[in-house]
Asks: 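Just passing along the structure, written as structure tokens.
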Amino acid sequence: MTEATLTHAIDHGLSEDEWKHILRVMNRAPNLTELGIFSVMWSEHCSYKSSRVHLKKLPTSAPWVIQGPGENAGVIDIGDGDAIIFKMESHNHPSFIEPYQGAATGVGGIMRDVFTMGARPIAMLNALRFGDPKHPKTQHLVSGVVAGIGGYGNCMGVPTVAGEVNFHKAYNGNILVNAMCVGLARTDKIFLSAAKGSGNPVVYVGSKTGRDGIHGATMASAEFDDASEEKRPTVQVGDPFTEKLLLEACLELMATDAIVGIQDMGAAGLTSSSCEMADKGGSGIELNLDKVPCREKGMTPYEMMLSESQERMLMVLKPGREAEAEKIFRKWELDFAVIGITTDTKRLVLTFKGETVADIPVAALADEAPLYERPWVEPEHAKPLGEVAECASVGAALQALVASPDLASRRWIYEQYDSTVMADTVQKPGGDAAIVRIHRTNKAIAVKCDVTPRYVQADPFAGGQQAVAETWRNLTAVGATPLAVTDNLNFGNPQRPEIMGQFVLAVRGIGDACRALDFPVVSGNVSLYNETNGQAILPTPAIGGVGLMKDVTKHASVPFKGEGQAILLIGDTKGHLGQSIYVREMLGREEGPAPAIDLKIERRNGDFVRGLIEAGRLTTVHDVSDGGLAVALAEMAMSSGIGARVAHAGAGSRTGFWFGEDQARYVLAVPAGDVERILSDAKLAGVPAVKLGETSGTSLQFDGEAGVSVKTLKAGHEEWLPKLMAG
Amino acid sequence: MKARVTVMLKSGVLDPQGKAIGQALDRLGFQGVGEVRQGKVIELELDETDAARARARLSEMCEKLLANTVIENYAIELK
Amino acid sequence: MKARVTVMLKSGVLDPQGKAIGQALDRLGFQGVGEVRQGKVIELELDETDAARARARLSEMCEKLLANTVIENYAIELK
Amino acid sequence: MKAAVIVFPASNCDRDVAMALERSIGKPPLMAWHADASLPDRLDLIVLPGGFSYGDYLRCGAMAAHSPIMREVIARAKKGTPLLGICNGFQILCETGLLPGALMRNASLKFVSRSVAMTVEATNTMFTARYTPGQTIRIPVAHGDGNYFADKATLDRLEGEGQIAFRYAQGDNPNGAARNIAGIFNEQRTIMGMMPHPERVSEPLHGGTDGKAIFDSLVGALS
Ligand SMILES: Nc1ncnc2c1ncn2[C@@H]1O[C@H](COP(=O)(O)OP(=O)(O)O)[C@@H](O)[C@H]1O
Ligand SMILES: [Mg+2]
């Protein structure tokens with residue numbers, strides 16, 4: 001076996017120091033297969049070497065948290081023996097290279113993370129960022145990514161119920177495709193990945209292993225001189241049909257007690273699954289690679305260990321249960337092979353054709369993985385916004401804003417996703433958060449993901465807080481009690497101190513908000529190096545939240561329900577225009593500080609609104625976010641076809657009042673007769689509340705301006721994306 | 001001139017459709033069927049009389065639109 | 001023996017995929033492209049040495065599974 | 001009333017339609033696995049659910065149409081056992097030839113998931129008796145291949161013989177289907193195939209109950 005050298009290590013993306021570290025922990029030079037295993041386990045993706053120190057500071061516990069970060073996904077308790085298992089994950093780079101397959105396999109990967117723990121996926125979300133709408137690649141990327149997400153999720157029969165999409169030139173060379181999966185399990189049937197015990201069979205199930213995803217750079221080594229470009233596809237093709245079978249087969253086996261531990265083969269497939277299972281179980285694993293089901297002839301141990309073929313799982317069974325398990329996987333027409341055994345050596349040992357081809361202490365791969373405290377600097381603070389001229393017509397500005405890239409309707413996207421399969425979707429895409437009933441019960445979860453990258457860019461700490469707060473607010477707006485979040489931290493190159501600074505501060509902001517809102521982080525994913533030629537993306541820490549509603553019949557939604565209702569605004573309006581969509585779209589200025597976040601106020605206002613919904617006193621709510629109050633009102637009008645007459649009800653400029661992006665605000669519509677009581681209840685709760693006007697007619701009228709027709713607003717709002725996509 | 005472009009997944013790239021077709025044929029009792037791969041075929045009319053020029057234009061179409069060369073190969077036939 | 005089955009929509013059956021490709025080619029600046037039709041191609045390995053027998057088996061596969069003769073035609077080529 | 005739902009690999013609306021049947025019948029239907037070659041003796045209704053049987057690879061419904069249980073389903077249908085195919089189930093019925101025509105790729109070339117308005121075209125059937133003639137209802141669709149195609153003679157015959165069950169409302173055809181056809185019957189009206197998903201609007205929390213009448217009609221006719 002060829003001994004690896006420093007050059008090989010560098011080809012594999014390892015640094016010289018990391019190479020020396022390998023020599024130290026191995027006490028000898030590794031061979032190429034072993035080097036490949038190290039390179040994968042010590043990669044940013046698997047080891048979190050740049051981010052781990054900071055992630056450790058996030059709050060991860062609460063009485064309802066069953067499993068925090070560290071397993072395939074986080075688990076929370078929603079009562080009655082039910083658990084929700086969820087996580088978000090990125091597939092950014094593959095989606096840029098091949099948008100359909102990249103996005104599809106991203107969806108497949110995150111679903112496996114969730115069902116490997118024993119959950120049936122019940123909801124999918126996606127957070128997408130594309131470049132400038134006018135960029136020549138954008139249309140192609142949007143259409144491929146959306147078709148890929150739909151293609152995989154729809155076939156799986158899991159409803160895709162919510163998401164978010166932004167366009168900004170900072171993503172021209174690096175789009176973001178983050179997918180979130182939410183699953184349902186029983187609290188006493190949660191499966192972990194530890195390969196405990198010695199002498200237990202290690203079983204491979206799912207699809208066969210091919211040469212998928214073995215990266216060009218790591219293939220540059222001598223061992224593969226005859227492998228042609230043809231043989232090295234670096235983009236994986238998803239097979240949702242096989243995944244659906246794998247899901248059903250796993251859940252069927254999980255109904256028995258045959259499984260000791262189970263883990264999906266995600267990035268770095270067999271390598272990371274076997275190492276992580278052994279590490280968590282405090283055991284060793286011995287694999288006979290001759291037994292690995294291969295799709296192609298002549299696959300080497302190196303290829304088998306590094307392949308990223310999709311739709312595969314690794315399990316450790318109780319001894320003697322193999323036949324029973326095999327029967328289930330055969331029924332579902334899936335590959336099933338006993339490929340190894342757990343040991344007490346705490347080593348990962350691989351044999352192939354009678355020879356030992358790798359022998360590595362598991363701890364060296366896991367605990368000894370490098371850990372960096374990368375230098376960071378605090379990014380420059382955004383300068384004050386300065387004067388903003390008073391807008392001449394709120395209605396005219398609104399007409400432009402609702403048809404702008406970040407505010408236009410996402411219908412073209414979400415109508416390609418099956419959002420109602422499983423027949424438990426109560427709030428489809430288009431609401432503040434989606435609502436999915438827990439099957440055969442009267443309770444439901446609410447889910448949504450959010451982040452406002454331009455705020456994070458202007459102020460990483462406040463932007464991190466805001467991402468959490470907005471997610472929390474969206475869950476609250478439908479009547480759910482927010483319980484926990486997952487995150488997907490997308491940033492540029494962490495070796496640049498200013499990017500690392502964004503990361504560190506944003507994570508602090510997230511942690512701060514999660515603590516203040518009792519909204520712990522139970523799982524997550526980090527995607528770094530999202531930059532091209534030194535141009536980093538906007539820092540984009542996406543937050544995916546889950547909330548619980550005990551009585552699904554008590555929920556609120558965005559559309560006005562009828563004319564003659566009073567419109568109330570909850571929360572304080574200062575007219576903050578810094579980093580607002582208004583100044584960006586209308587004045588071409590991406591300037592000013594991000595809005596201030598006060599988490600005590602956030603919580604107080606949100607708790608008040610939720611209390612009204614839970615009491616059955618409120619059914620029409622929309623939170624105020626991008627575009628401010630005027631846009632929130634327009635969304636309520638467009639979704640119902642009902643207009644409103646409203647008037648400025650505060651100090652400050654009209655522009656600031658209608659388009660400012662102050663936080664912690666909600667718009668409510670209530671029967672006229674309820675206004676007084678709600679206002680007095682708000683006063684008692686210390687919550688700012690004011691009446692803005694009432695619903696009426698079919699146009700929106702601000703401060704006595706000429707009304708803008710809701711129909712016209714809606715036409716512009718609905719038209720933008722289909723037009724873009726029609727080329 | 002009529003042309004036919006055939007676009008197939010590169011060998012080594014998983015072809016779930018081909019795999020499923022192979023299994024279905026097997027279930028239907030067709031024995032002795034080896035590997036099955038599924039691809040696309042695109043037939044076009046070109047207002048071109050010169051074969052070399054036609055080929056050049058078709059290659060460009062394939063590179064730009066008809067095939068995704070990250071995972072697919074294409075072949076051009078003129079009729 | 002290797003075989004190739006080409007399945008195309010019957011003429012008269014609308015082919016939106018072909019049409020979309022034609023429009024996309026046009027947008028990309030490829031002029032003089034007439035009708036475009038898209039179909040499927042299925043490549044199979046058969047353990048058969050006799051061409052006539054191979055053809056007969058392939059026809060049966062097409063009739064039973066590979067083509068929907070309500071809307072599609074098929075053609076068989078042996079290599 | 002005894003109903004069976006056939007489960008193919010990657011069916012994914014089997015549970016949803018079973019719930020809808022259970023709500024109307026009062027007890028859960030039998031779930032029959034595609035590899036089983038037989039069905040219980042007495043069955044009042046067989047349902048082919050929506051989903052992506054066999055991944056919808058090659059053509060939607062093509063592979064499921066040839067699975068072992070379909071031989072039995074076809075035999076029962078020919079003897080008159082009522083058969084309902086929803087979405088993928090409709091595609092399978094066309095692939096088996098139990099219903100005429102074919103479901104082609106949506107004209108938009110995109111998957112479409114939304115609520116559509118449609119009219120009830122025939123109410124003198126066991127599937128639709130609980131609707132009123134010409135009633136407009138809203139039911140969600142979710143499919144990539146729902147573009148109903150048949151030659152002119154077949155379409156004329158379907159129209160002439162009252163074999164059209166549902167039509168998309170004018171201007172709300174989500175897939176390009178010929179003559180706005182959303183669902184059809186066989187000649188005897190013992191088989192119905194439809195693209196929309198009635199099981200997804202069968203209780204108030206779904207935001208509508210326009211689909212429930214189909215299950216209620218069947219219960220009314222068959223128990
Ligand atoms: N990629 C997507 N997939 C599914 N639904 C989406 C997607 N993007 C946006 N949506 C839906 O469109 C609506 C508007 O999204 P967004 O503007 O992010 O809401 P909010 O301002 O309340 O955070 C929401 O219901 C959201 O779930
Ligand atoms: Mg919202």
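Order of the sequence lines fixes the chain letters, A, B, ..., with proteins taken first and strands second; residue numbering starts at 1 for each chain.
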Asks: What are the two closest heavy atoms between A:Ala423 and D:His206, and how far apart are they?
Replies: O-NE2, 2.9 Å
Asks: Which region of A:Glu243, side chain (C-beta onward) or backbone (N, CA, C, O), has a non-hydrogen atom less than 4.5 Å from a non-hydrogen atom of chain D, or is it both or neither?
Replies: neither
Asks: Got a second to check how far D:Ser108's OG is from A:Glu415's CD, nearest 0.5 Å?
Replies: 10.0 Å
Asks: Please list, in residue-number order, every residue in residues 82-90 of chain D that has a heavy atom less than 4.5 Å from any heavy atom of chain A; write 'none' if there are none.
Replies: none
Asks: For residues A:Val146 and D:Phe111, determine if any side-chain heavy atom of one lies less than 4.5 Å from a side-chain heavy atom of the other.
Replies: no
Asks: If the condition is side-chain contact (heavy atoms from CB on, under 4.5 Å), which residues does D:Thr125 pass it with, not counting sequence neighbours?
Replies: D:Ala122, D:Phe127, D:Thr128, D:Phe185, D:Arg189
Asks: Are D:Phe52 and A:Met156 side-chain neighbours, meaning at least one heavy-atom pair lies under 4.5 Å?
Replies: no
Asks: Roughly how far, to the nearest 0.5 Å, is CE of D:Met19 from CE of A:Met422?
Replies: 11.5 Å
Asks: In this structure, are over 12 heavy atoms from other groups packed under 6.0 Å from A:Lys561 atom NZ?
Replies: yes
Asks: Do you know which of D:Leu205, D:Val141, D:Val201 has the most heavy-atom pairs with chain A at a distance under 4.5 angstrom?
Replies: D:Leu205
Asks: Please report the shortest heavy-atom distance between D:Gly55 and A:Cys155, naming the atom on each side.
Replies: CA-SG, 4.2 Å
Asks: What's the separation between atom CG in A:Asp424 and atom CG in D:Asp16, rounded to the nearest 0.5 Å?
Replies: 7.5 Å
Asks: Please classify the contact of A:Ser419 with chain D as side chain, backbone, both or neither, using a heavy-atom distance under 4.5 Å.
Replies: both
Asks: Classify the angle between the aromatic ring planes of D:Tyr54 and A:Phe241 as parallel (below 30°), tilted (30 to 60°) or perpendicular (above 60°).
Replies: tilted
Asks: Could you tell me if the side chain of A:Arg411 sits less than 4.5 Å from the side chain of D:Arg114, heavy atoms only?
Replies: no
Asks: Would the distance check show the side chain of D:Ser113 and the main-chain N or O of A:Gln416 forming a donor-acceptor pair, the cut-off being under 3.5 Å?
Replies: no
Asks: Which of the residues A:Val158, A:Leu247, A:Asp239 is involved in the greatest number of heavy-atom pairs with chain D at under 4.5 angstrom?
Replies: A:Asp239
Asks: Does a salt bridge link D:Arg200 with A:Asp418, judged by any charged N lying under 4.0 Å from a carboxylate O?
Replies: yes
Asks: Is chain D contacted by the side chain of A:Arg440, its backbone, both, or neither, given a heavy-atom distance below 4.5 Å?
Replies: side chain
Asks: Could I get the full list of salt bridge (Lys or Arg N to Asp or Glu O under 4.0 Å) partners for D:Lys110, not counting sequence neighbours?
Replies: none
Asks: Pick whichever of A:Val426, A:Thr242, A:Thr420 has the most heavy-atom pairs under 4.5 Å with chain D.
Replies: A:Thr420
Asks: Among the options D:Asn12, D:Val17, D:Asp14, pick out the one with the most heavy-atom pairs lying under 4.5 Å from chain A.
Replies: D:Asn12
Asks: For chain A, find its close neighbours in residues 215-223 of chain D: heavy-atom separation under 4.5 Å, sorted by number, or none.
Replies: none
Asks: Using heavy-atom distances under 4.5 Å, tell me whether D:Ser11 contacts chain A through its side chain, its backbone, both, or neither.
Replies: backbone
Asks: Can you see which heavy atom on A:Val421 is nearest to which on D:Cys13, and at what distance?
Replies: CG2-SG, 4.1 Å
